[in-house]
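One structure is given below, encoded as structure tokens.
Small disclaimer: the values here were computed from a predicted structure and weren't measured.
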Amino acid sequence: MKYDGEYPALVVSVGTDHHKFDRLIDWVEDWLDSRTDHPTCLIQHGASKAPELARGVLRMPREDLLQLYASAKIVLVQGGPGSILDARSVGHLPIAVPRLPRLNEVVDGHQVAFTRTMASHGEAIAAESEEELMRALNLAMSHPESMRTAPRLSTPAASANLLGAAIAGLDHPADHMALRRMRQLLAHH
């Protein structure tokens, strides 16, 4: 997946969901068309339309995609948890564009909420309009070092402890079965 022996400057992933995300493909191609420096770009487009101005792949093994992320100047992903966290796991601060349910790009608004949450914690750069994406991509190309950060590694035990503490701190009725069951499960792990 190299261009003349080099990795693409921009790697884009829309994920593997069956919903189309053509809007993101169009925005990226508009950006590519506006650039005089012609950055190389690879777009993993899944069910969405194939790009015309970039190299397109339908899908690829996760390990290959992570290698491309690690080698890219800029990583742009859909706003799904897996996509953002994959980019973070290899030390990239991804630009994330959430899919929208009103455009039939996803079934619900979880990507908007997750992208905003990750952006508020400094774990992603949210771009919810084409203008925001253009600004983020231009800034990232001007300062690619700003898109690198320490890898965000998964720590299941620490996460379980945080979840347990959050559940313990909830003001909930004693007969709420789901929370009691969660507490029981966490106590056994």
Apply the test side-chain contact (heavy atoms from CB on, under 4.5 Å) to residues Leu93 and Val75: give CA-CA distance (whole Å), side-chain angles for both, the deciding distance (0.1 Å), then the verdict. CA-CA 8 Å; Leu93 181 65; Val75 174; over 6 Å; no
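- Minimum heavy-atom separation, Ala54 to Ile43: CB-CD1, 3.9 Å.
- Between atom CG of residue Leu137 and atom CD of residue Glu130 there is a gap of 10.0 Å, rounded to the nearest 0.5 Å.
- A donor-acceptor pair is defined here as one N or O able to donate and one able to accept, closer than 3.5 Å; such a pair exists between the side chain of His45 and the backbone of Ser48.
- Without hydrogens or angle criteria, Gln78 side chain to Pro98 main chain gives no donor-acceptor distance under 3.5 Å.
- Closest approach of Ser89 and Leu66 over heavy atoms only: OG-CD2, 4.1 Å.
- Side-chain atoms of Gln67 do not come within 3.5 Å of backbone N or O of Glu63 as any donor-acceptor pair.
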Could you walk me through whether Leu10 and Trp31 pass side-chain contact (heavy atoms from CB on, under 4.5 Å), step by step? CA-CA 11 Å; Leu10 171 62; Trp31 179 77; 3.8 Å; yes
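- In this structure, Cys41 SG and Lys73 NZ are separated by 13.0 Å, a value rounded to the nearest 0.5 Å.
- Note on Phe114 and Val77: same hydrophobic cluster, where clusters join Ile, Leu, Val, Met, Phe, Trp and Tyr whose side-chain heavy atoms are under 4.5 Å apart, directly or indirectly.
- Heavy atoms only, all atoms of each residue included: Val14 and Gly46 are closest at CG2-N, 4.1 Å.
- The hydrophobic cluster containing Leu53 also contains Ile25, counting ILVMFWY residues as joined when their side-chain heavy atoms lie under 4.5 angstrom apart, directly or transitively.
- Side chain of Glu105 to main chain of Leu100: a donor-acceptor pair is present (N/O by atom type, distance under 3.5 Å, no hydrogens or angles).
- With contacts defined as side-chain heavy-atom distances shorter than 4.5 Å, the pair His38/Leu32 does not qualify.
- Atom CE of Met134 is separated from atom OG of Ser34 by 5.5 Å, given to the nearest 0.5 angstrom.
- Applying the side-chain hydrogen bond (donor to acceptor under 3.5 Å, both in side chains) criterion to Arg59, with sequence neighbours excluded, gives no partner residue.
- Nearest heavy atoms, Pro94 versus Arg88: CD-CD, 3.7 Å.
- Tested against Ile95, the residues Ile84, Leu76, Val12 include a single side chain to side chain contact (heavy atoms under 4.5 Å, CB included) partner, Leu76.
- Lys49 contributes no side-chain N or O that, together with a main-chain N or O of Asp22, makes up a donor-acceptor pair within less than 3.5 Å.
- Using modelled atom types, no side-chain atom of Arg99 and backbone atom of Asp108 make a donor-acceptor pair closer than 3.5 Å.
- Taking the side chain as every heavy atom from C-beta outward, His19 and Val107 approach each other to under 4.5 Å.
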Apply side-chain contact (heavy atoms from CB on, under 4.5 Å) to Arg148 and Glu145, showing your working. CA-CA 6 Å; Arg148 296 291 185 163; Glu145 70 284 352; 5.7 Å; no
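- Within a 6.0 Å sphere centred on CD of Glu52, heavy atoms belonging to other residues, nucleotides or ligands number 12 at most.
- Using a cut-off of 4.0 Å between Lys/Arg side-chain N and Asp/Glu carboxylate O, Asp37 and Arg35 are scored as salt-bridged.
- A donor-acceptor pair under 3.5 Å is formed between the side chain of Ser120 and the backbone N or O of Thr117.
- Between Arg116 and Glu128 there is a salt bridge, since at least one side-chain N of the basic residue sits less than 4.0 Å from a carboxylate O of the acidic one.
- One distance of note links CG of Leu65 with CE of Met60; it measures 5.5 Å at 0.5 Å rounding.
- Under the 3.5 Å distance criterion, the side-chain polar atoms of Gln44 are left unmatched by any main-chain donor or acceptor of Val57.
- Nearest heavy-atom pair across Pro81 and His110 is CD-CD2, 4.1 Å.
- When atom types are taken as modelled, the side chain of Thr40 and the backbone of Ala9 share a donor-acceptor pair closer than 3.5 angstrom.
- Listed here is the closest heavy atom pair of His92 and Tyr69: CD2-O, 2.8 Å.
- Asp17 CG to Gln111 CD: the interatomic distance, rounded to the nearest 0.5 Å, is 8.0 Å.
- In this structure, Thr115 contributes its side chain and Val112 its backbone to no donor-acceptor pair below 3.5 Å.
- The distance from the OH atom of Tyr7 to the CG atom of Leu68 is 7.0 Å, given to the nearest 0.5 Å.
- By the 4.5 Å heavy-atom criterion applied to side chains, Val11 and Ile74 are not counted as neighbours.
- Taking hydrophobic clusters as Ile, Leu, Val, Met, Phe, Trp and Tyr residues chained together by side-chain heavy-atom distances below 4.5 Å, Phe21 shares a cluster with Leu133.
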